[in-house]
Asks: 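First the structure, then my questions, so here it is.
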Amino acid sequence: MSVYGYVFFVMGLLCGALSIGTSLPEAWSTLAKGGVALFAVLFTVSLVVGRRIKFDPILR
């Protein structure tokens, strides 16, 4: 996994822990949940770009 993949994974975990583990004001809670979604998408993109997920175009 690339360095970007690790960074996005850790940031997603931190945002998830922050949104679940603490009581935040509504604006910060929404921002933390949005951060989880954003970092999950960026993590997936970094895996695809890094070719860690291989797509088989021929379905067997």
Asks: When Ser46 is tested against each of Phe8, Tyr6, Phe9 for side chain to side chain contact (heavy atoms under 4.5 Å, CB included), which residue passes?
Replies: Phe8

Asks: Kindly work out whether a path of hydrophobic side-chain contacts (I/L/V/M/F/W/Y, heavy atoms less than 4.5 Å apart) joins Val36 to Met11.
Replies: no

Asks: For the CG atom of Leu31 and the SG atom of Cys15, what is their distance to the nearest 0.5 Å?
Replies: 7.5 Å

Asks: Can you measure from CG (Leu13) to CZ (Phe43) and round to the nearest 0.5 angstrom?
Replies: 9.0 Å

